[in-house]
Amino acid sequence: MNIDITGLPSPCYLVDERLLVKNLEVLNSVQERTGCSILLALKGFSMFSTFPLVGKYLKGVTSSSLFEARLGREKMDKEVHVYAPAYVDSEFDELLKYVDHIVFNSFDQLKRYKSRVQGVTSKKIDIGIRVNPEYSEIETPLYDPCYNNSRMGVTLANFRPEDLDGVDGIHFHTMCEQNSDTLERTIKVVDEKFGPYIKNMKWLNFGGGHHITREDYDLDTLVRCIQYFQDKYGVQVYLEPGEAIALNTGYLVATVLDTMKNGMDIAILDTSAECHMPDVLAMPYRPNIIDAGKPGEYAYTYRLGGLTCLAGDVIGDYSFKEPLKPGDKLVFCDMAHYTMVKNHMFNGVNLPAIASYNDEEGIKVIRQFSYEDFSSRLS
């Protein structure tokens with residue numbers, strides 16, 4: 001990372017817009033090669049100060065709630081899609097003000113709300129139904145929308161073709177951080193099970209989980225998958241990755257507060273796995289740290305812990321070339337996606353500041369948080 005971080009507050013999320021543009025150019029190349037539309041999934045990355053930049057490349061956003069849909073409409077104002085396992089009736093009419101596409105999770109939800117969607121006179125809102133092809137290659141059940149007894153989407157056994165009147169598209173989402181070879185195997189199942197219904201649709205949404213901007217991602221296979229459905233059925237294809245937009249574009253800058261010993265060296269930081277990078281505990285995964293290695297790789301190995309009172313608030317074990325001391329800065333990599341959108345203030349721990357960098361303006365500290373952000377969530 002060739003950015004001077006000495007003046008940043010700590011902890012702080014820092015998004016490098018140069019890397020964001022690099023990802024967006026890859027995604028746009030897929031759009032240009034196929035004519036598909038790629039949307040930003042707000043559940044993965046909702047840093048709306050970057051939306052003017054993202055909107056130069058992508059077709060819009062996809063959301064999972066009223067607030068996400070409103071954010072997408074107000075901050076980017078391109079296409080706004082929404083899907084939720086179920087919609088809240090008291091929010092539904094306001095939701096329709098913001099969206100262009102709405103996907104239902106069941107035929108009962110479709111039947112309940114279709115007339116209200118079709119009753120909107122100010123615009124045409126496309127209607128979709130989510131299907132569950134009962135096929136996935138995800139190893140972590142927490143992130144598998146096709147896991148046993150999943151609540152996500154309609155299986156073939158429960159599909160009701162007689163209720164498809166007014167439905168414009170079909171949506172499936174079966175992937176998580178995977179390459180296009182997985183997609184190629186998946187679409188064969190989708191086509192076999194739901195092809196007879198896709199042929200009558202206007203569009204087909206491939207969902208998210210496509211790791212398109214990863215270095216080893218096979219773009220040619222993705223292009224073939226998109227073109228297969230477009231050529232066979234004449235549908236418009238949508239993809240809605242969240243992680244691929246912000247993958248490897250951001251950092252979390254943190255500071256060592258204290259060191260101690262208990263069977264091994266321990267360092268306590270001013271950040272938290274529980275509060276600031278929760279997928280470290282939930283996924284779980286081990287983020288890289290600049291100039292650090294695996295345990296034992298360098299001379300000094302430490303267990304890095306957060307500053308909350310949760311016993312398991314541990315980021316992991318890392319080794320360093322020099323001993324850690326209070327005041328040392330550590331820079332965690334790939335901290336743009338699923339961090340800002342999932343963080344919280346357990347224990348009253350403050351949220352990291354949010355900053356961005358580009359070559360024209362340098363570092364911009366966009367947002368810092370305070371006690372009022374904590375107290376205003378409580379009563």
Side-chain angles (χ1 to χ4, degrees), residues 36-37 39 62-66 69 79-136 144-175 183 185-209 225-226 228-240:
C36 78
S37 294
L39 309 169
T62 186
S63 57
S64 304
S65 65
L66 170 63
E79 286 188 36
V80 178
H81 296 222
V82 65
Y83 158 80
Y87 292 104
V88 179
D89 191 78
S90 61
E91 298 179 347
F92 195 76
D93 290 333
E94 183 183 354
L95 177 67
L96 295 181
K97 296 178 183 178
Y98 307 124
V99 303
D100 303 294
H101 281 216
I102 185 164
V103 174
F104 291 99
N105 190 60
S106 70
F107 280 98
D108 286 344
Q109 285 263 301
L110 170 64
K111 184 176 179 180
R112 179 178 181 182
Y113 289 114
K114 184 170 71 171
S115 62
R116 286 163 72 175
V117 178
Q118 293 176 332
V120 174
T121 58
S122 59
K123 59 184 175 180
K124 165 69 165 68
I125 299 176
D126 273 24
I127 294 174
I129 189 79
R130 177 164 174 167
V131 299
N132 177 356
E134 300 173 272
Y135 177 87
S136 72
D144 185 355
C146 299
Y147 195 64
N148 297 339
N149 310 121
S150 172
R151 73 190 195 283
M152 303 292 192
V154 182
T155 61
L156 184 61
N158 294 287
F159 200 77
R160 290 162 21 192
E162 68 274 13
D163 289 338
L164 286 174
D165 182 55
V167 174
D168 301 288
I170 287 177
H171 176 289
F172 68 91
H173 181 162
T174 66
M175 296 173 57
L183 177 63
R185 291 185 288 272
T186 301
I187 65 169
K188 293 177 182 178
V189 179
V190 173
D191 192 21
E192 179 183 343
K193 290 187 172 184
F194 298 101
Y197 313 116
I198 295 171
K199 70 180 181 181
N200 297 318
M201 293 295 141
K202 176 181 170 184
W203 50 263
L204 178 65
N205 191 318
F206 284 15
C225 290
I226 294 168
Y228 172 80
F229 276 112
Q230 290 183 156
D231 293 344
K232 185 172 183 178
Y233 296 118
V235 290
Q236 170 72 27
V237 169
Y238 285 93
L239 294 90
E240 44 183 50

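When reading the values below, keep in mind they use all heavy atoms of this one structure, side chains included, and skip hydrogens, waters and symmetry mates.
The minimum heavy-atom distance between Y98 and L66, with the atom names listed, is CE1-CD1, 3.7 Å. Nearest heavy atoms, D165 versus K114: O-NZ, 2.8 Å. Nearest heavy atom pair, residue I127 against residue G166, reads CB-O, 3.7 Å. Of all non-hydrogen atoms in P133 and T174, the two that sit nearest each other are CG-CG2, 3.5 Å. Summarising the geometry of N105 relative to G153, their closest heavy-atom pair is OD1-N, 2.7 Å, with the distance given to 0.1 Å. The shortest heavy-atom contact between Q230 and V235 is CG-O, 3.3 Å.
You'll find the side chain of V82 reaches within 4.5 Å of the side chain of Y87, heavy atoms only. Side-chain contact between V103 and N205: absent, with no pair of heavy atoms (C-beta onward) separated by less than 4.5 Å. The closest side-chain heavy-atom distance from I129 to D163 is not below 4.5 Å. D89 has its side chain within reach of Y113: a pair of non-hydrogen atoms, C-beta onward, lies under 4.5 Å apart. Residues L239 and C36 are in side-chain contact: their nearest non-hydrogen atoms beyond the backbone lie under 4.5 Å apart. Side-chain contact check for Y135 versus V190: every heavy-atom pair is 4.5 Å or farther apart. Residues M152 and N132 have side chains not in contact (no heavy-atom distance under 4.5 Å, counting atoms from C-beta outward).
Atom OG of residue S106 and atom NZ of residue K111 lie 11.5 Å apart, to the nearest 0.5 angstrom. Here the straight-line distance linking atom NE2 of H171 with atom NE2 of H101 works out to 11.5 Å at 0.5 Å rounding. Taking NE2 from H173 and OG from S136, the interatomic distance works out to 10.0 Å, rounded to the nearest 0.5 Å. Residue M201 holds its CE atom at 4.5 Å from CG of L164, rounded to the nearest 0.5 Å. Distance check: H81 NE2 to I102 CD1 gives 12.0 Å after rounding to the nearest 0.5 Å. Distance OG/S63 to CD/E240: 9.0 Å, rounded to 0.5 Å.
Between Y233 and F229, the two ring planes are parallel [angle under 30°; tilted spans 30° to 60°].
Between the side chain of K202 and the backbone N or O of V167 there is no donor-acceptor pair closer than 3.5 Å.
You'll find the ring centres of F159 and F194 inside the 6.0 Å limit.
Both tests hold for R130 against Y83: distance to the six-membered ring centre under 6.0 Å, angle to the ring axis within 45°.
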Check against side chain to side chain contact (heavy atoms under 4.5 Å, CB included), F172 and I187: CA-CA 10 Å; F172 68 91; I187 65 169; 4.2 Å; yes

Assess the residue pair I226 and F206 against the criterion (side chain to side chain contact (heavy atoms under 4.5 Å, CB included)); give the C-alpha distance rounded to whole Å, side-chain angles, the decisive distance to 0.1 Å, and a yes or no. CA-CA 9 Å; I226 294 168; F206 284 15; 4.1 Å; yes

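In this model, a donor atom of one side chain and an acceptor atom of the other lie less than 3.5 Å apart for E79 and Y238.
Residues passing the side chain to side chain contact (heavy atoms under 4.5 Å, CB included) test with K193, sequence neighbours excluded: E134, L156, V189. Residues meeting the salt bridge (Lys or Arg N to Asp or Glu O under 4.0 Å) test with K232, sequence neighbours left out: D191.
The environment of CZ in R151 is sparse: at most 12 heavy-atom neighbours from other residues, nucleotides or ligands sit within 6.0 Å. The environment of CD in E94 is crowded: more than 12 heavy-atom neighbours from other residues, nucleotides or ligands sit within 6.0 Å. The number of heavy-atom neighbours closer than 6.0 Å to OH of Y147, taken from other residues, nucleotides and ligands shown, is 12 or below.
The pair D168-K124 meets the salt-bridge criterion, since a charged nitrogen lies less than 4.0 angstrom from a carboxylate oxygen.
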